[in-house]
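Worksheet: one structure, shown below.
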Amino acid sequence: MPELPEVETTRRGVAPHVDGRKVRALLVREHRLRWPIPGDLPAILEGQRITAVERRAKYLLFHTSRGSVLVHLGMSGSLRLVSPAEPAAFHDHFDIVFTGDTILRYNDPRRFGCCLWQPAGEVHPLLAGLGPEPLSEGFDGGLLYHRSRGRRGPVKSFLMDQKIVVGVGNIYANEALFLAGIRPDRAAGRISRARYEVLAGCVKQVLTSAIDQGGTTLRDFVGGDGKPGYFAQQLYAYGREGLPCKQCGKKLQESRISQRTTVYCVACQR
DNA sequence: CGCTGACCCTGACGGC
DNA sequence: TGCCGTCAGGGTCAGC
């Protein structure tokens, strides 16, 4: 479900309701996520106050003075605010219950997400080694150019490598490469610096635009405020295989790159 | 080190 | 109607 814009949309929807709140309880119904929810996490969290809600890559970090709860939504996860009266549904794996009437409820049918603890002053292994945020100044064409030298793999895989830059998943990799006019299967190491400058700009543009639209709703994605995202109608490539290119009218081609469906225009992307 | 493919899991959908 | 294969926005890990 979520790439960076969807996670950021979730953060913005949820933060105002939990920021500054005290945790009354962590209620775990199903601990078997991508990694098990630590058995001692409820005890650690109880009584802690949320001091900030941050996003790093596709992780949400709920900071407290003792450390941070690290939540990943995986492929199918979502977080939403519910009222105490609302009964838990299938795949509602845990609740963070706050003082007042606020409950943050996590749902994830495929259980590819996680809920882990990062003690204060430590960097969780999952966050160590991540590349820069794509919307930060630390990400630009020069970085893509330098990090790609000597790499024979396709530029799309390179762009989706979280060690290079975080937050770019399958949707936005397809979109950014379309906007940049670069074929997804081109070897990353054989792309010029000038073209990487363009690509970096397109990554920033497509992510910024998607965040502004509240993310991309493909199936049933809703942000923390319960509203769907509206970016889907602006997609040029993703999900449009076989349809006419919005720029030149030629039929969009489909292929597979590292097990992920890839869509591109043979005329507009070189 | 870079790259590929298997794997984690459930649910939806299309073809037969 | 039901069964089966395929696919889905995530990522790790082993092996070459």
Side-chain angles (χ1 to χ4, degrees), chain A residues 1-10 29-37 55-60 70-79 89-93 106-116 124-131 134 146-177 184-190 203 206-207 210-211 213-223 228-242 254-263:
Chain A
M1 170 190 303
E3 295 185 35
L4 185 150
E6 291 73 37
V7 177
E8 179 61 22
T9 297
T10 298
R29 299 185 191 83
E30 174 58 81
H31 70 278
R32 297 173 303 164
L33 303 186
R34 179 68 172 81
W35 293 280
I37 299 176
R55 180 193 55 73
R56 172 71 175 114
K58 296 169 192 166
Y59 294 90
L60 286 169
L70 203 150
V71 174
H72 197 291
L73 302 177
M75 284 281 255
S76 56
S78 61
L79 269 178
F90 198 29
H91 299 314
D92 281 344
H93 301 317
Y106 178 91
N107 183 282
D108 184 7
R110 293 176 74 180
R111 292 192 274 120
F112 284 176
C114 63
C115 176
L116 299 168
H124 196 282
L126 289 171
L127 301 185
L130 288 177
H146 290 301
R147 296 292 304 271
S148 63
R149 291 311 90 182
R151 294 184 66 140
R152 303 264 307 138
V155 61
K156 179 163 177 265
S157 305
F158 173 69
L159 194 58
M160 291 175 69
D161 184 343
Q162 306 294 298
K163 294 189 292 299
I164 303 300
V165 58
V166 302
V168 184
N170 199 33
I171 297 179
Y172 301 108
N174 276 299
E175 292 305 300
L177 288 165
D185 58 355
R186 181 172 291 278
R190 291 207 223 111
V203 167
V206 72
L207 292 177
I211 291 170
Q213 300 287 310
T216 300
T217 294
L218 259 36
R219 289 170 185 76
D220 52 1
F221 170 77
V222 289
Y230 292 97
F231 192 73
Q233 44 213 0
Q234 295 182 30
L235 295 174
Y236 282 87
Y238 182 85
R240 299 195 70 250
E241 58 273 15
E254 176 181 358
S255 70
R256 279 189 91 75
I257 294 176
S258 335
Q259 340 270 73
R260 313 301 292 272
T261 296
T262 303
V263 183

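Below, chain A is the first sequence line, B the second, and so on; all start at residue 1. Remember, it's a predicted structure, so these values are computed and weren't measured experimentally.
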Under the side chain to side chain donor-acceptor pair (under 3.5 Å) test, residues paired with Tyr172(A) that sit two or more places apart: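 Tyr172(A): side chain to side chain donor-acceptor pair (under 3.5 Å) contacts with Glu6(A), Thr216(A).
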
Could you work out, with side chain to side chain donor-acceptor pair (under 3.5 Å) as the rule, every residue matching Ser148(A), not counting sequence neighbours?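 Counting only residues at least two positions away or on another chain, Ser148(A) forms no side chain to side chain donor-acceptor pair (under 3.5 Å).
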
Give the rounded distance in Å between these two atoms: [atom1] of [X] and [atom2] of [N].
{"X": "Glu241(A)", "N": "dA8(C)", "atom1": "CD", "atom2": "P", "answer": "8 Å"}
{"X": "Gln259(A)", "N": "dC3(B)", "atom1": "CD", "atom2": "P", "answer": "15 Å"}
{"X": "Ile171(A)", "N": "dC7(C)", "atom1": "CD1", "atom2": "P", "answer": "18 Å"}
{"X": "Phe158(A)", "N": "dG2(B)", "atom1": "CZ", "atom2": "P", "answer": "10 Å"}
{"X": "Ile257(A)", "N": "dT4(B)", "atom1": "CD1", "atom2": "C1'", "answer": "13 Å"}
{"X": "Arg260(A)", "N": "dT4(B)", "atom1": "CZ", "atom2": "P", "answer": "14 Å"}
{"X": "Glu254(A)", "N": "dC7(C)", "atom1": "CD", "atom2": "C1'", "answer": "10 Å"}
{"X": "Asp161(A)", "N": "dG11(C)", "atom1": "CG", "atom2": "C1'", "answer": "11 Å"}

Using the test salt bridge (Lys or Arg N to Asp or Glu O under 4.0 Å), find all partners of [X] that sit at least two apart in sequence or belong to another chain.
{"X": "Glu30(A)", "result": "Arg32(A)"}
{"X": "Arg29(A)", "result": "Asp95(A)"}
{"X": "Arg111(A)", "result": "none"}

ring-ring contact (aromatic ring centres under 6.0 Å, His included) involving Tyr236(A) - partner list, sequence neighbours excluded: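 Result, ring-ring contact (aromatic ring centres under 6.0 Å, His included) vs Tyr236(A): Phe178(A).
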
Enumerate the salt bridge (charged side-chain N to carboxylate O under 4.0 Å, His left out) contacts for residues 149-158 of chain A, please, sequence neighbours excluded, ordered by first and then second residue.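 Non-adjacent pairs meeting salt bridge (charged side-chain N to carboxylate O under 4.0 Å, His left out): Arg151(A)-Asp161(A).
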
According to the salt bridge (charged side-chain N to carboxylate O under 4.0 Å, His left out) rule, which pairs have a member within residues 254-263 of chain A, sequence neighbours left out?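 Of all non-adjacent pairs touching residues 254-263 of chain A, none passes salt bridge (charged side-chain N to carboxylate O under 4.0 Å, His left out).
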
Would you find a donor on one side and an acceptor on the other, under 3.5 Å apart, between the side chain of Gln162(A) and the backbone of Gly131(A)?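 Checked: no pair found.
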
Asn107(A) (side chain) donor-acceptor with Phe90(A) (main chain) under 3.5 angstrom: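 Yes; judged by distance alone, with no hydrogens or angles, the pair exists.
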
P atom, dC7(B) versus dG5(C): distance in rounded Å?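 Between the two P atoms, the distance is 16 Å.
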
P-based separation of dA6(B) from dT6(C) [nearest Å]: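 My reading of the P atoms in dT6(C) and dA6(B) gives 13 Å.
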
Give one of base, sugar-phosphate or nothing for Arg147(A), where a contact means two heavy atoms less than 4.0 Å apart.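 The residue Arg147(A) makes no contact with any strand.
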
At 4.0 Å (heavy atoms only), tell me whether Ser157(A) reaches a base, stays on the sugar-phosphate, or touches nothing.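 Counting heavy atoms under 4.0 Å across all strands, no contact is made by Ser157(A).
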
Could you check which of dA6(B), dA8(C), dG11(C) has an atom nearest any side-chain atom of Lys58(A)?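 Output: dG11(C).
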
Starting the side chain at C-beta, find the nucleotide from dG10(C), dA8(C), dT4(B) nearest to Pro154(A).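 The answer is dT4(B), which lies nearest to the side chain.
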
Mind listing the N/O atom pairs, protein and nucleotides 9-13 of chain B, below 3.5 Å?
from    : atom 1 : to        : atom 2 : distance (Å)
dC9(B)  : O3'    : Arg111(A) : NH2    : 2.9
dC9(B)  : O2     : Arg110(A) : NE     : 2.9
dC9(B)  : N3     : Arg110(A) : NH2    : 3.4
dT10(B) : OP1    : Arg111(A) : NH2    : 3.0
dT10(B) : O4'    : Pro109(A) : O      : 3.3
dT10(B) : O3'    : His91(A)  : NE2    : 3.1
dG11(B) : OP1    : His91(A)  : NE2    : 2.8

Between dC7(C) and Thr261(A), is there an OP1 or OP2 to side-chain N/O distance shorter than 4.0 Å?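 The answer is no; no side-chain N or O of Thr261(A) sits under 4.0 Å from OP1 or OP2.
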
I'd like a list of close polar pairs between nucleotides 12-16 of chain C and the protein, N/O only, cut-off under 3.5 Å.
from    : atom 1 : to       : atom 2 : distance (Å)
dT12(C) : O4'    : Arg34(A) : NH2    : 2.7

With Ser258(A), which residues qualify under side chain to side chain contact (heavy atoms under 4.5 Å, CB included), at least two apart?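 With sequence neighbours excluded, Ser258(A) shows a side chain to side chain contact (heavy atoms under 4.5 Å, CB included) to Ser157(A), given in chain and number order.
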
What stems involve DNA chain C, if each pair must be Watson-Crick or G-U and both of its distances must be under 3.5 Å, with 3 or more such pairs in a row?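 The stems that DNA chain C takes part in, listed by first number, are B:2-8 with C:10-16, B:10-16 with C:2-8.
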
Which residue, Leu73(A), Asp92(A), Ile37(A), forms the side-chain contact (heavy atoms from CB on, under 4.5 Å) with Tyr106(A)?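 Going through Leu73(A), Asp92(A), Ile37(A) one by one, the side-chain contact (heavy atoms from CB on, under 4.5 Å) with Tyr106(A) is satisfied by Leu73(A) alone.
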
